[in-house]
Amino acid sequence: MKILVLGGTTEATRLAGLLAARTDLQAVLSLAGRTSRPAPQPLPTRVGGFGGADGLARHLRAEGIDLLVDATHPFAEQISANAAAASTATGVPLVVLTRAPWQARPGDRWTDVPTLVAAAEAIGDAPRTVLLTVGRLGLSAFARAPQHCYLVRSIDPPEELVLPDARVILDRPPFEEDRERELMVRQGVEILVTKNSGGTATYGKIAAARALGLPVILVKPPARPDVPTVHAPEAVLAMIDHPATLAERGV
Ligand code: NAP
């Protein structure tokens with residue numbers, strides 16, 4: 001069986017590790033090419049877009065792919081829509097491997113918002129020190145709230161920093177709670193603004209904010225296409241081993 005994994009997440013890398021250990025499967029990992037130095041991957045890797053849903057469909061046919069796994073980030077809306085459309089067009093089964101969003105626990109002071117723009121507005125009028133971890137491509141939404149002092153964390157430096165009062169920390173997950181708490185205290189962070197991305201690799205900031213009693217503004221993940229979805233890399237392997245669970249899509 002030939003498998004294409006759309007990646008760019010910790011979960012995709014974990015799935016790649018499981019697939020690499022299976023000599024009966026041929027798998028390739030696909031990355032968008034957003035980060036300049038992607039983490040080493042245990043599978044053969046291709047980098048760059050396919051050219052929309054049609055391009056992805058052509059790739060699936062040309063490479064004789066038997067299963068498409070969408071293990072992209074919960075906020076990567078376009079590639080997930082493309083994967084669903086390409087699966088329908090080609091009949092290649094599609095499985096989504098994604099994280100369940102985080103759920104509030106006692107002590108959490110969360111405000112859920114639908115978009116980055118709503119997050120910028122929810123910080124409020126009074127200037128505050130904000131830990132902003134929404135990815136460097138989402139920063140422009142915060143230009144509408146220039147009164148705040150932003151501590152921006154991203155893997156690669158933002159190409160253009162549109163925020164007048166901002167400091168950038170370059171780092172990549174995983175982020176442990178202790179380190180997150182120390183960062184928040186040292187930098188005088190008053191509020192955390194982030195995406196509700198789920199998973200464990202970046203949960204440390206949520207736990208740290210709870211421990212410090214800090215408010216958190218969380219952008220809700222977008223709705224995903226209606227396709228078979230699992231939350232653990234092992235569950236993808238289980239579906240591969242029981243092909244009846246991989247319903248063929250298409251028209
Ligand atoms: P997006 O808006 O959904 O996708 C934009 C375009 O990038 C797609 O149409 C596709 O180009 C290309 N693309 C995206 N993921 C790809 C992949 N795995 N392999 C090949 N091409 C891909 O995506 P995004 O939000 O910019 O995210 C880009 C990548 O970063 C994703 O792989 C995602 O898993 C990862 N990531 C995203 C976030 C986030 O918050 N959005 C956070 C962490 C990691 P074509 O149309 O030309 O095929």
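We count ligands from 1, going down the list as the structure has it; atoms in each ligand are counted the same way. Reckoned from all heavy atoms, side chains included, excluding hydrogens, waters and symmetry mates.
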Quiz item: With a 4.0 Å heavy-atom cut-off (strictly under), which part of Lys195 contacts ligand 1: side chain, backbone, both or neither?
Solution: side chain
Self-check item: Any Gly135 heavy atom less than 4.0 Å from ligand 1
Solution: no
Quiz prompt | Check: Ser30 N/O within less than 3.5 Å of ligand 1 N/O | solution = yes
Self-check item: Arg105/Asp108 ion pair, N-O < 4.0 Å
Solution: no
Quiz prompt | Test side chain to side chain contact (heavy atoms under 4.5 Å, CB included) applied to Ala32 - qualifying residues, sequence neighbours left out | solution = Arg34
Quiz item: Could Asp156 and Arg172 be called an ion pair, given the rule that one side-chain N must be under 4.0 Å from one carboxylate O?
Solution: no
Quiz item: Any idea which protein heavy atom is nearest atom 27 (O) of ligand 1, and the distance to it?
Solution: Ala76 CB, 3.9 Å
Quiz prompt | Taking atom 36 (N) of ligand 1 as the reference point, the nearest protein heavy atom with its distance | solution = His73 CB, 3.5 Å
Self-check item: Ligand-residue contact atoms, ligand 1 with Asn82, heavy atoms, under 4.0 Å
Solution: 9 (O), 46 (O)
Quiz item: Do any pairs count as a ring pair (Phe, Tyr, Trp, His ring centres under 6.0 Å) and have a residue in residues 200-243, sequence neighbours left out, and if so which ones?
Solution: Trp102-Tyr203
Quiz item: Does an N or O anywhere in Leu6 fall below 3.5 Å from an N or O of ligand 1?
Solution: no
Practice problem: Around atom 11 (O) of ligand 1, find the nearest protein heavy atom and jot down its residue, atom name and distance. | Solution: Gly49 CA, 3.6 Å
Practice problem: With Arg153 as the cation and Tyr150 as the aromatic partner, state whether NZ or CZ is under 6.0 Å from the six-membered ring centre and within 45° of the axis. | Solution: no
Quiz item: Is there at least one pair of N or O atoms, one from Gln78 and one from ligand 1, spaced under 3.5 Å apart?
Solution: yes
Quiz item: When Trp110 is tested against each of Leu218, Leu192, Ile217 for side-chain contact (heavy atoms from CB on, under 4.5 Å), which residue passes?
Solution: Leu218
Self-check item: Test item: Lys220 and Pro101 side chains (from C-beta on) under 4.5 Å apart, heavy atoms
Solution: no
Exercise. Report yes if Ala71 has an N/O atom closer than 3.5 Å to an N/O atom of ligand 1; otherwise report no.
Key: no
Quiz item: How far is atom 10 (C) of ligand 1 from its nearest protein heavy atom, and which residue and atom name does that atom have?
Solution: Ile79 CD1, 3.9 Å
Quiz item: Gln187 versus Leu131: any side-chain heavy-atom pair under 4.5 Å?
Solution: no
Quiz item: Would you say Thr72 and ligand 1 have an N/O pair spaced under 3.5 Å apart?
Solution: no
Quiz item: Does Glu77 come within less than 4.0 Å of Arg224, counting only side-chain N to carboxylate O?
Solution: no
Quiz prompt | Atom CZ of Arg37 with >12 non-hydrogen neighbours under 6.0 angstrom | solution = no
Exercise. Specify the protein heavy atom at minimum distance from atom 44 (C) of ligand 1: its residue, its atom name, and the distance to 0.1 Å.
Key: Gly8 O, 3.3 Å
Self-check item: Ligand-residue contact atoms, ligand 1 with Glu77, heavy atoms, under 4.0 Å
Solution: 3 (O)
Quiz item: Does CD belonging to Glu159 count more than 12 external heavy atoms closer than 6.0 Å?
Solution: no
Quiz prompt | Polar proximity ligand 1 side, Arg34 side, N/O cut 3.5 Å exclusive | solution = yes
Practice problem: Could you tell me whether ligand 1 has any atom less than 4.0 Å away from a heavy atom of Gly51? | Solution: yes
Quiz prompt | Nearest-contact summary for atom 46 (O) of ligand 1 - protein heavy atom, Å | solution = Gly52 N, 3.0 Å
Quiz item: So is Phe50 polar-close to ligand 1, meaning N/O to N/O under 3.5 Å?
Solution: yes
Quiz prompt | Option with minimal heavy-atom separation from atom 22 (C) of ligand 1, where the choices are Gly7, Gly48, Ala32 | solution = Ala32
Quiz item: So, does Leu31 sit close enough to ligand 1 that a heavy atom of it is under 4.0 Å from the ligand?
Solution: yes
Self-check item: Positive for side-chain contact (heavy atoms from CB on, under 4.5 Å) with Leu15, one of Thr9, Thr10, Leu29, Val236
Solution: Val236
